Amino acid sequence: MAAPEEADPKRAAIDPDGLAKALEMELIMKRASWEKMRARRGTWRALSFFFLFVVILGALLAYFLFAHAVPQRGAEEPAAERVESAR
């Protein structure tokens with residue numbers, strides 16, 4: 001019978017240095033894709049915080065606008081009733 005290396009020519013042709021270089025190149029490519037994903041995630045995180053800030057700022061602005069408007073309306077209504085009852 002033939003030796004295991006002679007039976008499978010693919011195994012005999014594998015170069016350890018070539019395999020190491022191929023694995024290293026694959027790892028470099030994966031690291032580059034990981035860096036891109038990390039940058040995208042950072043962009044989305046920054047946009048999320050900005051949107052949250054805008055929503056909170058808008059809510060505070062609306063609160064202050066309506067908080068000052070409601071008591072003024074409430075103060076005007078009793079004055080109108082006094083004028084009508086005085087007649």
Side-chain angles (χ1 to χ4, degrees):
M1 293 206 72
E5 292 179 2
E6 295 174 4
D8 192 7
K10 289 182 182 178
R11 287 187 179 235
I14 294 178
D15 180 27
D17 292 331
L19 181 62
K21 287 180 182 179
L23 289 174
E24 186 177 349
M25 287 300 294
E26 184 177 353
L27 183 60
I28 289 171
M29 290 171 42
K30 283 187 178 184
R31 282 182 182 159
S33 69
W34 293 337
E35 288 294 323
K36 285 181 185 178
M37 292 300 290
R38 189 175 302 144
R40 270 192 221 146
R41 192 175 347 147
T43 301
W44 279 108
R45 183 177 294 153
L47 286 174
S48 298
F49 280 119
F50 178 70
F51 178 73
L52 185 63
F53 175 74
V54 167
V55 167
I56 292 172
L57 189 64
L60 286 173
L61 181 67
Y63 172 74
F64 285 120
L65 285 176
F66 291 122
H68 291 295
V70 170
Q72 291 173 356
R73 288 183 188 167
E76 292 174 5
E77 289 177 10
E81 290 177 7
R82 288 186 204 146
V83 172
E84 290 177 8
S85 61
R87 290 184 187 176

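Treat the numbers as computed from the prediction; the structure is a model and nothing was measured. We number each residue from 1, following the sequence as shown.
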Hydrophobic clustering (ILVMFWY, side-chain heavy atoms < 4.5 Å, transitive) - are L52 and L60 grouped together? yes
Side-chain heavy atoms under 4.5 Å apart, restricted to Ile/Leu/Val/Met/Phe/Trp/Tyr: what other residues fall into the cluster of V54, or is it alone? F50
All side-chain contact (heavy atoms from CB on, under 4.5 Å) counterparts of L65, not counting sequence neighbours: L61
Listing request: all side-chain hydrogen bond (donor to acceptor under 3.5 Å, both in side chains) pairs with a residue in residues 19-34, at least two apart in sequence or in separate chains. none
Mind jotting down which residue pairs meet the side-chain hydrogen bond (donor to acceptor under 3.5 Å, both in side chains) criterion with at least one end in residues 37-51? Sequence neighbours excluded, please. E35-R38
Under a single-linkage rule joining Ile, Leu, Val, Met, Phe, Trp and Tyr whose side-chain heavy atoms are separated by less than 4.5 Å, which residues share a cluster with F49? none
Under 4.5 Å between side-chain heavy atoms, chaining through other members, with only Ile, Leu, Val, Met, Phe, Trp and Tyr counted: pull out the rest of the cluster around L57, sorted by chain and number. F53
